[in-house]
Amino acid sequence: MNEAYTACVFSAQRCSSPKPRRRHESAIKTDSSDASDAQDASPAVSAHSTDRQKKSAEQTAMRGLRVDDTLGKVLKATIDKLKINKNEQSNASSHVNDITDKVIAHLKRNTTWCEEIERLRTGSYYENVKICEPDEFDVMMTIPVERVDIQEFDEAGAFYSIALKRHTKRHPLDRFLNEDKTIQASEMLSEFRDAVKKAVEKLPYQIEMQRKKPKCPAVTLKVKMEENGKTISVDFVLGLKVHRASWPDFTKDGFKIENWLGKKEKANMKHQPFYLVPKYEGKGNTEHDGVVAKDAWRISFSHVEKEILKKHGHSKTCCEDVGQKCCRKECLKLLKYLLQQLKEDDSKSNKLSSFCSYHAKTTLLHACATRGNDNEWAYSQLADCFQQLLEDFVKHLRNRHLPNFFIPSHNLLHQASPSSCDFLANAIEIQRNNNFPIFN
DNA sequence: TTATGCTAAAGCGG
DNA sequence: CCGCTTTAGCATAA
């Protein structure tokens, strides 16, 4: 399971974290009104001046254009707004990298079962689809294991029992094994959390470790940065890296990328490991007919998602200098932003709290799998592509059916209420029909 | 393990 | 709109 999704669904705080982004008050602007914006005297913030340049560029372009591409212009202006500031990125990433380096060094030195721990950067920041601010970083900390037995699982993609398999020699995780060789997720997670806490305590940063949230596998650090006073969050997610094992059977009918990235690429990716993330911590977490689910696990394909987004074109040269530029990532960014803005506008009613960016990402993956040809995502067709993606999303919502891209039996909307799905679908339709006033 | 070269994206100026 | 520079992240070789 993707930890971005996990963290989002399982952590109300992260899901609803309101971005203090300023929005222009005037909802719908006509093109001619833009000229009056040129008076902006705000110093320092470069976004303003680029806005101005871009708008005047749009105006000159307008005069030469006969077709009505109002929507295209709105969307391109929005994409510009979503770009993350380079200085902030540099600052934030150096914090994250330094902290992560030191946490890993500490774990390797002081925690016996972490000697082989590996870092895996995942999530939207490292997929180049992070929007607005570089304020959320996902880092998986993975322990290599050769094979596992997945003994029980449910349609929501959770496992209730993971056992180490065919380990003749001693394995560093042996100390977490029950008599039946199943692994105690909660014990591992709890030791991991304590070790991270110790590692972080002596670092020369303003770091707060967030309280353990139920059902959330991440150890979250809030790091306040000296340079600009902003706070970023770093999620460390413990995982088992299962190599030398093929993907579980229930992934068989998912991951349909043959007509998009090709059979060969699919085979390559299927040879990669998969990851298991401990789902619960603590006792008394009863679910599913009273079974104590404290040792539940969730499968993660974050690494594959990242690679898919990197090699996102049918043509090998998609978006390279020699190739054609596509708008797949831009469409995803726009969909994420739309969802984020709608959630923010409606934060008090809580109707949208169960929707998160992983729903947007999954919708894009299905859309790319269905429309694999690069012509269907030409950058010049951004507006049409985005409209179609929204149609897809609305359809998923109306049917209350959005299968996990890797696990078709896992419906990501199965616990969303019909009324909230309709509410979101309606809100999206309103935005579509009015050229997205929420983006202004 | 470290050095090196490549890529994607931001930002700037024409 | 285009080309150029810079940077973080990554793959690969040494």
Side-chain angles (χ1 to χ4, degrees), chain A residues 42-65 67 69 72-73 75-102 104-105 108-109 115-140 142 223 225 227-228 232 234 265 268-269 271-273 302-313 315-334 336-337 374 377-382:
Chain A
S42 169
V45 187
S46 59
H48 283 111
S49 59
T50 50
D51 258 26
R52 205 190 313 148
Q53 286 172 354
K54 179 191 62 245
K55 276 174 184 165
S56 69
E58 278 164 22
Q59 282 187 312
T60 37
M62 260 301 270
R63 286 181 212 115
L65 273 178
V67 288
D69 191 28
K73 272 178 280 165
L75 297 183
K76 278 172 189 160
T78 307
I79 287 168
D80 279 347
K81 218 164 54 173
L82 302 183
K83 290 187 193 314
I84 56 187
N85 177 285
K86 221 182 177 187
N87 283 326
E88 284 185 36
Q89 185 204 0
S90 177
N91 191 33
S93 72
S94 68
H95 277 75
V96 172
N97 289 335
D98 192 39
I99 291 168
T100 312
D101 284 345
K102 284 169 176 154
I104 288 178
K108 281 180 184 285
R109 236 182 301 116
E115 276 168 7
E116 293 184 88
I117 205 163
E118 295 168 14
R119 158 174 31 197
L120 182 64
R121 294 169 165 108
T122 65
S124 63
Y125 175 81
Y126 296 105
E127 291 166 346
N128 288 314
V129 289
K130 184 77 184 74
I131 54 172
C132 302
E133 291 188 75
D135 55 357
E136 291 178 348
F137 295 81
D138 300 313
V139 180
M140 262 176 102
T142 69
V223 183
M225 291 179 299
E227 292 80 354
N228 58 15
I232 59 175
V234 185
E265 199 54 63
N268 282 341
M269 292 183 185
H271 281 126
Q272 296 190 15
S302 301
H303 58 312
V304 181
E305 293 165 12
K306 182 176 165 184
E307 193 172 337
I308 288 177
L309 283 167
K310 201 173 107 190
K311 313 179 171 176
H312 58 262
S315 157
K316 292 253 178 290
T317 58
C318 182
C319 290
E320 287 179 9
D321 286 346
V322 290
Q324 202 195 353
K325 171 82 184 128
C326 86
C327 63
R328 292 175 177 93
K329 285 187 197 171
E330 284 77 9
C331 284
L332 175 55
K333 287 185 187 180
L334 289 168
K336 283 173 63 167
Y337 186 54
D374 291 344
W377 297 94
Y379 193 80
S380 56
Q381 301 300 308
L382 172 68

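Convention: sequence-line order gives letters A, B, ...; per-chain numbering from 1. Quick caveat: nothing in here was measured; it's all calculated off a predicted structure.
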N or O in side chain of [X] less than 4.0 angstrom from [N] OP1/OP2:
X        : N      : result
A:Lys83  : B:dA10 : yes
A:Ser90  : C:dA8  : yes
A:Tyr125 : C:dG9  : yes
A:Asn128 : C:dA8  : no

Closest non-hydrogen atoms of A:Pro134 and A:Ile84, given as atom of the first, atom of the second and distance, are N-CG2, 3.9 Å

For A:His303 and A:Leu120 the tightest heavy-atom approach is CB-CD2, 3.9 Å

For A:Tyr125, the ring-ring contact (aromatic ring centres under 6.0 Å, His included) test, sequence neighbours excluded, returns A:Phe137

Applying ring-ring contact (aromatic ring centres under 6.0 Å, His included) to A:His312 and not counting sequence neighbours gives none

Distance, rounded to the nearest Å, where [X] contributes [atom1] and [N] contributes [atom2]:
X        : N     : atom1 : atom2 : value
A:Gln324 : B:dA8 : CD    : P     : 15 Å
A:Gln89  : B:dA8 : CD    : C1'   : 10 Å
A:Asp80  : B:dA9 : CG    : C1'   : 12 Å
A:Asn91  : C:dT6 : CG    : P     : 20 Å
A:Leu382 : C:dC1 : CG    : P     : 11 Å
A:Phe137 : C:dA8 : CZ    : C1'   : 10 Å
A:Glu116 : B:dT1 : CD    : C1'   : 16 Å
A:Arg119 : C:dA8 : CZ    : C1'   : 13 Å

Can you tabulate the close N/O pairs, meaning under 3.5 Å, that link protein atoms to atoms of nucleotides 10-14 of chain C?
from   : atom 1 : to       : atom 2 : distance (Å)
C:dC10 : OP1    : A:Lys306 : NZ     : 2.6
C:dC10 : OP2    : A:Arg121 : NH1    : 3.1

Contact class for A:Lys329 (heavy atom, under 4.0 Å): base, sugar-phosphate, or nothing? sugar-phosphate

*A:Asn97 near the nucleic acid: base, sugar-phosphate alone, or nothing, with a heavy-atom cut-off under 4.0 Å?*
sugar-phosphate

Residue set satisfying side chain to side chain contact (heavy atoms under 4.5 Å, CB included) with A:Ser90, at least two apart, ordered chain then number -> none

Those residues at least two apart in sequence (or on a different chain) that pass side chain to side chain contact (heavy atoms under 4.5 Å, CB included) with A:Lys108 are A:Ile104, A:Ile117

Under the rule for salt bridge (Lys or Arg N to Asp or Glu O under 4.0 Å), what residues qualify as partners of [X], not counting sequence neighbours?
X        : answer
A:Glu118 : A:Lys241
A:Lys102 : A:Asp98
A:Lys325 : A:Glu330

Nucleotide N/O of nucleotides 4-7 of chain B paired with protein N/O under 3.5 Å:
none

The residue, A:Lys86 or A:Ser93, whose nearest nucleotide of DNA chain C is more 5′ is A:Lys86

query = Is a side-chain donor-acceptor pair under 3.5 Å present for A:Asn97 with A:Arg119?
reply = no

